[in-house]
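In what follows, a structure is listed as structure tokens, so that the remarks can point back to it.
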Amino acid sequence: MSINELEIKCRELRQLQALIEEAQAEAEAIKDAIKATMGPQEAIQAGEYKVTWKPVKFSRLDAAALRKALPDVAERFTKETTVRRFTVA
């Protein structure tokens, strides 16, 4: 692929990413409106759609606190990984 073709592809990618961001923002606004309508209800029926908005509990390891309290244990169980980050600026 030539530099010119690459530049065109990058421009297309940026335009598509902008469209995606707009659509995601619009979807979030719609979700917020639905949640506001639901109030404290966990589920409602909207015609053919069943909408649920329930609390979900989960637990996560606080890695920063573990490193502070037990640095040797945290070190033993820390796994380093390498990834490649793709960006177009």
Side-chain angles (χ1 to χ4, degrees):
M1 185 180 308
S2 72
I3 295 298
N4 191 35
E5 291 169 325
L6 185 58
E7 182 181 14
I8 291 168
K9 289 292 182 195
C10 288
R11 185 175 297 113
E12 289 174 5
L13 177 60
R14 295 292 296 271
Q15 290 170 346
L16 287 172
Q17 287 173 328
L19 285 172
I20 291 167
E21 287 173 13
E22 286 178 35
Q24 286 176 332
E26 189 173 337
E28 285 301 315
I30 291 169
K31 286 181 191 178
D32 290 343
I34 293 169
K35 290 175 187 177
T37 300
M38 291 178 73
Q41 298 178 81
E42 290 188 1
I44 61 171
Q45 191 72 34
E48 65 182 277
Y49 301 99
K50 180 179 180 181
V51 182
T52 61
W53 185 32
K54 299 178 180 183
V56 176
K57 291 184 180 184
F58 59 93
S59 298
R60 271 193 242 183
L61 177 67
D62 185 346
L66 177 61
R67 279 192 297 274
K68 185 176 181 182
L70 301 167
D72 54 327
V73 173
E75 178 72 27
R76 284 191 2 231
F77 291 96
T78 298
K79 183 172 119 178
E80 187 175 298
T81 57
T82 302
V83 297
R84 291 176 62 182
R85 180 173 293 145
F86 179 79
T87 59
V88 177

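Residues take their numbers from the sequence shown, with the count starting at 1.
Clustering of Ile, Leu, Val, Met, Phe, Trp and Tyr side chains at separations under 4.5 Å leaves I20 isolated, with no partner residue. Using a 4.5 Å cut-off between side-chain heavy atoms of Ile, Leu, Val, Met, Phe, Trp and Tyr, M1 falls into a hydrophobic cluster with L6.
A continuous path of Ile, Leu, Val, Met, Phe, Trp and Tyr side chains, each step under 4.5 Å between heavy atoms, connects M38 with I30, placing both in one hydrophobic cluster.
Sparse packing is recorded around CD1 of I3, with 12 or fewer heavy atoms of other residues, nucleotides or ligands lying under 6.0 Å away.
Sorted by first and then second residue, the salt bridge (charged side-chain N to carboxylate O under 4.0 Å, His left out) pairs involving residues 18-46 (not counting sequence neighbours) are E28-K31. Judged as a side chain to side chain donor-acceptor pair (under 3.5 Å), the pairs with a partner in residues 3-19 (not counting sequence neighbours) are, in order, S2-E5, E7-R11.
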In a table with atom names and distances, give each donor-acceptor pair under 3.5 Å that connects a side chain of residues 70-80 to protein atoms at least two apart or in another chain.
{"unit_1": "T78", "atom_1": "OG1", "unit_2": "A74", "atom_2": "O", "d": "2.4"}

Name each donor-acceptor pair under 3.5 Å that joins a side chain in residues 45-63 to protein atoms two or more places apart or in another chain, with its distance.
{"unit_1": "Q45", "atom_1": "NE2", "unit_2": "G47", "atom_2": "O", "d": "3.1"}
{"unit_1": "Q45", "atom_1": "NE2", "unit_2": "Y49", "atom_2": "O", "d": "3.3"}
{"unit_1": "D62", "atom_1": "OD1", "unit_2": "A64", "atom_2": "N", "d": "3.4"}
{"unit_1": "D62", "atom_1": "OD1", "unit_2": "A65", "atom_2": "N", "d": "3.2"}

